[in-house]
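Here the structure comes first, spelled out in structure tokens, and everything after it is commentary.
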Amino acid sequence: MAFTVPADVENRPVAVIGSGTLGRRIALMFATRGGEVRIYDKSKEAGEAARAYVAENVAEVASGIEGGSPGRARVTDDMAEALAGAWLVVEAVPERLDLKKSIYGELDRLADPDTILASNSSSYPTSQFIDEVKHPERVLNMHFYMPPKQNAIDIMSDGHTDRAIIDLLERELPRYGVYPFEARKESTGFIFNRIWAAIKRESLAVVAEGVSTPQDVDRMWQINMGTPAGPFRMMDHVGLDVVLDIENHYAVERPDLPAGPRELLKKYVDAGNLGVKTGQGFYDDYA
Ligand code: NAD
């Protein structure tokens, strides 16, 4: 059946596939208009933890959204049940291309014909995982940062996405307290991630060249930008192994990028100092 955009969004649930760090936060945002969010995760524990996370936070987050009211999350271990009637599916399973490809085939087979299929992938354009999808016009990237605190999101076509989906999301998503910005052509890292990558890279270069220290860069950043943390503290929170993976990914596409920032990160990673998760990174006050 041909795809047409869903007309009755107001009365239909959103389904979230994969409810780890990001999936549960995405579920939380879609529970802020009084309706139901469905959660499907292959781990029962992760699904249950996500449901509890939504229940604990939804009243407060919904109260900060105009017209918001607390909804609820329902967990199921049956993907078809999670998808039934949903107007939107947001996939947030681990960043593995083979997994994304097979999940998209499954979502396309099981979802209602007018369901929009969106991926939270950080580094893969959805054009790379639609091999098994019969209706690529309903697939796109929808990349969240760290809701409910960081609520700007990137959206990007898979090259076939129906224009009406992008228009619909631009209208609907702000009602859930999230604000989409369209990458107008395919771009690894979308919009904001690329800009943030450049800030991280130059901060690392300044330290790798011996010009400054992580602590001084962060203090300058905090004083001049008025933010509570600087780039090095923020990298420690994400995990220096993850930051290195991301930078390596950019370097494959852009071999002209300087190696100094990656070499500095690698020293920390090789020493097992990954940031907050190991108790030590650029800072050592996480114990
Ligand atoms: P995570 O490992 O915390 O969570 C992934 C969840 O998916 C787990 O709960 C796991 O049990 C579940 N899962 C694994 N295989 C599954 C399957 N076949 N079906 C259903 N569930 C399955 O990962 P995350 O950090 O939340 O990242 C998920 C996605 O979000 C990735 O594509 C990542 O690039 C993207 N992302 C992550 C961040 C971040 O800061 N962590 C930010 C933006 C985007």
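Only heavy atoms go into these numbers, but all of them, side chains included; no hydrogens, no water, no symmetry mates. Quick note: residue numbers are just sequence positions, from 1.
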Margin query: Keeping T161 on the side-chain end and V139 on the backbone end, is there a donor-acceptor pair under 3.5 Å?
Written below: yes
Next item on the list: Calculate, to the nearest 0.5 Å, the distance between atoms CG and CE belonging to L244 and M235 respectively.
Entry: 11.5 Å
Next item on the list: State, to 0.1 Å, how close L264 and A208 come at their nearest heavy-atom pair, and which atoms those are.
Entry: CD2-N, 4.0 Å
Next item on the list: Mind listing the closest non-hydrogen atom pair of P94 and L99 along with its distance?
Entry: CD-CD2, 3.7 Å
Next item on the list: Specify the closest pair of heavy atoms between A229 and M234, including all atoms of both residues, with the distance to one decimal.
Entry: O-SD, 3.9 Å
Margin query: Can you give me the closest heavy-atom contact between V58 and A31, atom names plus distance?
Written below: CG2-O, 3.3 Å
Checklist line | Exercise: identify the closest heavy-atom pair between A82 and A15 | finding: O-CB, 3.5 Å
Next item on the list: Decide if atom NZ of K277 counts as having more than 12 heavy atoms of other residues, nucleotides or ligands within a radius under 6.0 Å.
Entry: yes
Check: When rounded to the nearest 0.5 angstrom, what is the spacing between OG1 in T76 and CZ in R51?
Finding: 13.5 Å
Item checked: pair L140-S157: side-chain heavy atoms closer than 4.5 Å -> no
Next item on the list: Report yes or no: do V269 and Y250 belong to one cluster of Ile/Leu/Val/Met/Phe/Trp/Tyr joined by side chain heavy-atom distances under 4.5 Å?
Entry: yes
Check: With a 4.0 Å cut-off, would you call R24 and E56 a salt bridge?
Finding: no
Margin query: Minimum heavy-atom separation for I191 and F181, please, with both atom names.
Written below: CD1-O, 3.9 Å
Next item on the list: For N141 and Y124, indicate whether the former's side chain and the latter's backbone hold a donor-acceptor pair under 3.5 Å.
Entry: yes
Check: Between L265 and V243, is a side-chain contact (heavy atoms from CB on, under 4.5 Å) present by the stated rule, with each step listed?
Finding: CA-CA 8 Å; L265 281 169; V243 177; 3.8 Å; yes
Check: When you check the gap from the basic side-chain N to the acidic O, do R138 and D112 get nearer than 4.0 Å?
Finding: no
Notebook entry, point to check: Side chains of V93 and K100: closer than 4.5 Å at any heavy-atom pair?
Noted result: yes
Notebook entry, point to check: Going hydrophobic residue to hydrophobic residue with side-chain gaps under 4.5 angstrom, can you get from L173 over to L22?
Noted result: yes
Note to self: Is there a side-chain contact (heavy atoms from CB on, under 4.5 Å) between D8 and W87? Walk through the geometry before answering.
What the structure shows: CA-CA 8 Å; D8 45 354; W87 71 272; 5.9 Å; no
Next item on the list: Kindly indicate, with the supporting measurements, whether the criterion side-chain hydrogen bond (donor to acceptor under 3.5 Å, both in side chains) is fulfilled by D158 and T126.
Entry: CA-CA 5 Å; D158 68 358; T126 36; 4.9 Å; no
Next item on the list: Using atom types as modelled and distance alone, determine if a side-chain donor or acceptor of R201 lies under 3.5 Å from a backbone N or O of P258.
Entry: no
Next item on the list: Mark yes or no for whether T278, through its side chain, and Q280, through its backbone, hold a donor-acceptor pair below 3.5 Å.
Entry: yes
Item checked: Distance in Å, S123 OG paired with N248 CG, rounded so as to fall on 0.5 Å steps -> 11.5 Å
Note to self: Between I103 and S119, is there a side-chain heavy-atom distance shorter than 4.5 Å?
What the structure shows: no
Margin query: So, taking the atom named CH2 in W221 and the one named CG in D216, what distance separates them when rounded to the nearest 0.5 Å?
Written below: 15.5 Å
Check: Side chains of V206 and V217: does their closest heavy-atom pair fall under 4.5 Å?
Finding: yes
Next item on the list: Would you please test L240 and F282 for side-chain contact (heavy atoms from CB on, under 4.5 Å) and show each step?
Entry: CA-CA 9 Å; L240 302 186; F282 292 116; 3.6 Å; yes
Next item on the list: Would you kindly confirm whether M146 and V61 end up in one hydrophobic cluster when ILVMFWY residues are joined by side chain heavy atoms under 4.5 Å apart?
Entry: yes
Notebook entry, point to check: Is R109 salt-bridged to E106, cutoff N-O under 4.0 Å?
Noted result: no
Margin query: Taking the basic N atoms (NZ, or NE/NH1/NH2) and the acidic carboxylate oxygens, is any pair closer than 4.0 Å for D114 and R12?
Written below: yes
Item checked: Electrostatic pair E263:K266 at N-O distance under 4.0 angstrom -> no
Check: Mind checking whether I65 and Y176 have side chains closer than 4.5 Å, heavy atoms only?
Finding: no
Next item on the list: May I ask you to decide if P147's main-chain N or O and R25's side chain share a donor-acceptor pair within less than 3.5 Å?
Entry: yes
Check: Can you find a heavy atom in the side chain of P261 that is under 4.5 Å from one in the side chain of K200?
Finding: no
Next item on the list: Using a 4.5 Å cut-off on heavy atoms from C-beta on, say whether the side chain of S122 contacts that of E95.
Entry: yes
Next item on the list: Determine, stepwise, if the pair I116 / F3 fulfils side-chain contact (heavy atoms from CB on, under 4.5 Å).
Entry: CA-CA 9 Å; I116 297 166; F3 174 81; 4.3 Å; yes
Next item on the list: Say whether, by atom type as modelled, one donor and one acceptor occur between the side chain of E253 and the main chain of T188 under 3.5 angstrom.
Entry: no
Margin query: Using a 3.5 Å distance criterion without hydrogens, assess whether the side chain of R175 forms a donor-acceptor pair with backbone atoms of E10.
Written below: no
Item checked: Joint cluster assignment, L204 & W196, ILVMFWY side-chain distance < 4.5 Å -> no
Notebook entry, point to check: Is it true that a side-chain atom of Y286 and a backbone atom of G281 form a donor plus acceptor pair closer than 3.5 Å?
Noted result: no
Checklist line | D108 and K134: CA distance, side-chain angles, deciding distance, salt bridge (Lys or Arg N to Asp or Glu O under 4.0 Å) verdict | finding: CA-CA 7 Å; D108 192 41; K134 285 213 175 79; over 6 Å; no
Next item on the list: Inspect the surroundings of CZ in R163 and state if more than 12 heavy atoms from other residues, nucleotides or ligands are less than 6.0 Å away.
Entry: yes
Checklist line | pair V89-Y40: side-chain heavy atoms closer than 4.5 Å | finding: no
Margin query: Would the distance check show the side chain of D218 and the main-chain N or O of R233 forming a donor-acceptor pair, the cut-off being under 3.5 Å?
Written below: yes
Note to self: How long is the straight-line distance from CD1 of I17 back to CD1 of I26, given to the nearest 0.5 Å?
What the structure shows: 11.0 Å
Check: Among all residues two or more places apart in sequence or in another chain, which pass the side chain to side chain donor-acceptor pair (under 3.5 Å) test with S127?
Finding: E186
Check: How many angstroms lie between CG in L28 and CG in N57, if you round to the nearest 0.5 Å?
Finding: 5.5 Å
Item checked: Donor-acceptor contact below 3.5 Å, side chain R262 vs main chain E247 -> no
Note to self: Tell me whether I165 shares a hydrophobic cluster with L107, the cluster being built from Ile, Leu, Val, Met, Phe, Trp, Tyr side chains joined at under 4.5 Å.
What the structure shows: no
Checklist line | ring-ring contact (aromatic ring centres under 6.0 Å, His included) contacts in which one or both residues fall within residues 132-172, not counting sequence neighbours | finding: H143-Y145, H143-F190, Y145-F192
